[in-house]
Amino acid sequence: MKSLRDIAYRALWSACGAQGLSILIYHRVLPEIDSMRPGEITIREFEWQMGLLRDHFNVLSLRDALEHLERGCLPPRSVCITFDDGYADNLTVALPVLERFGFAATVFVSSGFLSGGQMWNDSIVEALRVIRPGPLDLRTVGLGEFDIGDEPSRLHAATGIIRDSKYLPLEQRSEVVRYLTEAANVDSSGLMLTHEGLKELRRRGVEIGGHTVSHAILASLDEDEARSEIAQCKVDLEAILGEPVNFFAYPNGRRDQDYRQLDANLVRDAGFVAAVTTNWGVSSPATSRFELPRFTPWDKNRAKYLIRMALNARQRH
């Protein structure tokens with residue numbers, strides 16, 4: 001017997017007139033709560049979210065979903081699950097849950113961080129986690145001053161530094177990271193997949209996609225730099241996996257701010273067959289295969305999660 005929540009959700013979905021493909025974005029799935037990473041979900045939250053997808057949606061691989069979309073036979077409430085960046089916990093924490101539910105997924109990997117590399121924002125978080133308490137003066141690297149005292153102040157500083165560094169020139173951003181990691185005397189490599197971990201994901205049915213080499217914001221690069229980031233990532237991943245890599249995700253992923261039409265053309269020219277963004281909404285047969293929207297409900301409440309999924313589905317591309 002359906003619960004009132006289920007009935008209300010189906011009614012809302014019908015009222016929204018929602019058809020199309022919902023593609024969800026995840027990054028990490030943590031084994032437990034981490035106060036320095038409040039935006040990342042834990043395995044407990046991931047499990048109930050996958051349960052909602054099982055009960056209310058048709059979960060498809062990205063490859064199958066696009067084929068159904070092309071033929072005009074996409075099942076109602078179709079969903080794909082994707083992960084960005086290439087974190088090791090995609091294999092160790094998320095994949096066992098996905099396998100338990102029988103769900104396919106796609107992991108978009110920045111090839112330059114495999115086997116010992118680390119995302120610049122993670123370096124900042126891990127440095128602020130352990131840096132000594134007291135004043136932190138980053139004016140010499142183009143940022144402000146911070147007071148590191150307790151855990152909330154560490155999180156506040158990490159959030160502000162990441163926000164202010166995101167669109168800095170790569171060399172200046174690297175200088176910020178070097179300054180902090182040296183001040184904290186920390187080496188926290190190991191967050192990302194190894195080459196063997198990547199191959200293990202693929203052996204167990206996960207689709208691997210490209211996400212540039214260095215997670216560069218493509219719109220900030222000139223054409224040659226953007227072409228290299230896109231094409232070299234494909235070359236790197238195909239060399240590891242020994243098979244074509246067909247899908248791509250734009251870092252950060254917002255049109256005009258993070259990628260341009262030029263970049264979408266470069267992705268197509270590199271030989272990818274489709275690319276995903278972080279523009280909200282769902283895909284229809286008319287949606288460009290190189291600007292597929294993605295979305296993730298961020299609610300901690302099951303009913304709100306479902307409602308937000310339905311509301312997002314009103315935005316058809």
Side-chain angles (χ1 to χ4, degrees), residues 18-28 39 57 59-70 74 78-87 90 104-111 119 121 163 166-167 206-221 223 225-227 229-231 233-234 237 245-298 308-317:
Q19 292 292 326
L21 174 63
S22 298
I23 305 177
L24 300 187
I25 314 166
Y26 291 95
H27 290 84
R28 302 190 62 188
F57 294 88
V59 179
L60 304 171
S61 70
L62 185 57
R63 183 185 302 273
D64 288 347
L66 294 180
E67 288 179 0
H68 289 316
L69 202 62
E70 195 72 33
L74 188 73
S78 289
V79 169
C80 296
I81 300 166
T82 70
F83 295 81
D84 281 4
D85 302 333
Y87 287 100
N90 294 175
T106 302
V107 174
F108 294 103
V109 177
S110 293
S111 61
M119 298 273 290
N121 53 302
R163 180 195 62 234
K166 182 172 291 187
Y167 293 101
V206 174
E207 185 86 41
I208 304 301
H211 198 42
T212 72
V213 175
S214 66
H215 202 273
I217 307 300
L218 294 171
S220 69
L221 306 180
E223 183 174 350
E225 290 171 328
R227 180 183 292 109
E229 281 280 343
I230 293 164
C233 174
K234 194 174 196 293
L237 295 176
V245 171
N246 293 314
F247 304 118
F248 183 84
Y250 303 101
N252 278 36
R254 288 167 292 185
R255 184 179 174 86
D256 297 326
Q257 183 171 348
D258 302 315
Y259 74 94
R260 307 151 293 192
Q261 184 60 50
L262 165 68
D263 303 308
N265 295 342
L266 291 174
V267 170
R268 180 200 61 212
D269 294 345
F272 291 100
V273 301
V276 296
T277 70
T278 62
N279 304 315
W280 291 2
V282 295
S283 297
S284 71
T287 304
S288 167
R289 293 300 180 267
F290 292 93
E291 292 190 85
L292 299 167
R294 289 191 296 169
F295 174 75
T296 295
W298 57 88
R308 204 177 297 275
M309 283 286 290
L311 294 175
N312 177 68
R314 297 178 65 183
Q315 303 182 64
R316 292 169 60 82
H317 289 248

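For the single chain, residues carry numbers from 1 onward in sequence order. Note that the structure is a prediction, hence the values are computed from the model and not measured.
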Please check if the side chain of T106 supplies one atom and the backbone of I208 the other of a donor-acceptor pair under 3.5 Å. no
Mind checking whether F247 and T82 have side chains closer than 4.5 Å, heavy atoms only? no
Is there a salt bridge (charged side-chain N to carboxylate O under 4.0 Å, His left out) between R63 and E67? Walk through the geometry before answering. CA-CA 6 Å; R63 183 185 302 273; E67 288 179 0; 5.6 Å; no
Between T212 and Y250, is any pair of side-chain heavy atoms under 4.5 Å apart? no
Short question: side chain of S22, backbone of V282 - any donor-acceptor pair under 3.5 Å? no
Atom pair CZ/OG1 of R294 and T296 - distance to nearest 0.5 Å: 8.0 Å
Separation between OG of S288 and CZ of R268, rounded to the nearest 0.5 Å: 9.0 Å
Would you call F108 and V276 a side-chain contact if the rule is heavy atoms closer than 4.5 Å? yes
Testing the basics here: between A274 and L66, what is the closest heavy-atom pair and its distance to 0.1 Å? CB-CD1, 3.7 Å
Going by side chain to side chain donor-acceptor pair (under 3.5 Å), name the residues that satisfy it together with E70, two or more places apart in sequence or in a different chain. R289
Looking only at heavy atoms, what is the nearest atom pair of P293 and W280, with distance? CB-O, 3.7 Å
Please round to the nearest 0.5 Å and tell me the distance separating atom CG of D269 and atom CZ of F290. 8.5 Å
Smallest heavy-atom separation, S284 atom then T287 atom, equals N-OG1, 2.8 Å
Give the minimum heavy-atom separation between Y259 and A219, together with the two atoms involved. N-CB, 3.8 Å
R28 versus D85: any side-chain heavy-atom pair under 4.5 Å? no
Minimal heavy-atom distance between E229 and H215, with the atoms involved, is OE1-N, 4.4 Å
Using a 3.5 Å distance criterion without hydrogens, assess whether the side chain of E291 forms a donor-acceptor pair with backbone atoms of T277. no
Examine K234 relative to F272 and say whether NZ or CZ is less than 6.0 Å from the centre of the six-membered ring and inside a 45° cone about the ring axis. yes
Spell out, as yes or no, whether a donor-acceptor pair under 3.5 Å connects the side chain of N252 to the backbone of A216. no
Test your reading of the model: is there a side-chain donor-acceptor pair from D263 to the backbone of R260, 3.5 Å cut-off? yes
Min side-chain heavy-atom separation H68-L60 under 4.5 Å: yes
Which pair of non-hydrogen atoms, one from Y167 and one from Q257, has the smallest distance, and what is that distance? OH-NE2, 3.0 Å
Just how far is it from atom CZ of R254 to atom CD1 of I217, taken to the nearest 0.5 Å? 8.5 Å
To the nearest 0.5 angstrom, please state how far the OH atom of Y87 sits from the OG atom of S110. 9.0 Å
Would you find a donor on one side and an acceptor on the other, under 3.5 Å apart, between the side chain of N279 and the backbone of R255? yes
Less than 4.5 Å apart, side chain to side chain, heavy atoms only: is that true for R308 and L311? no
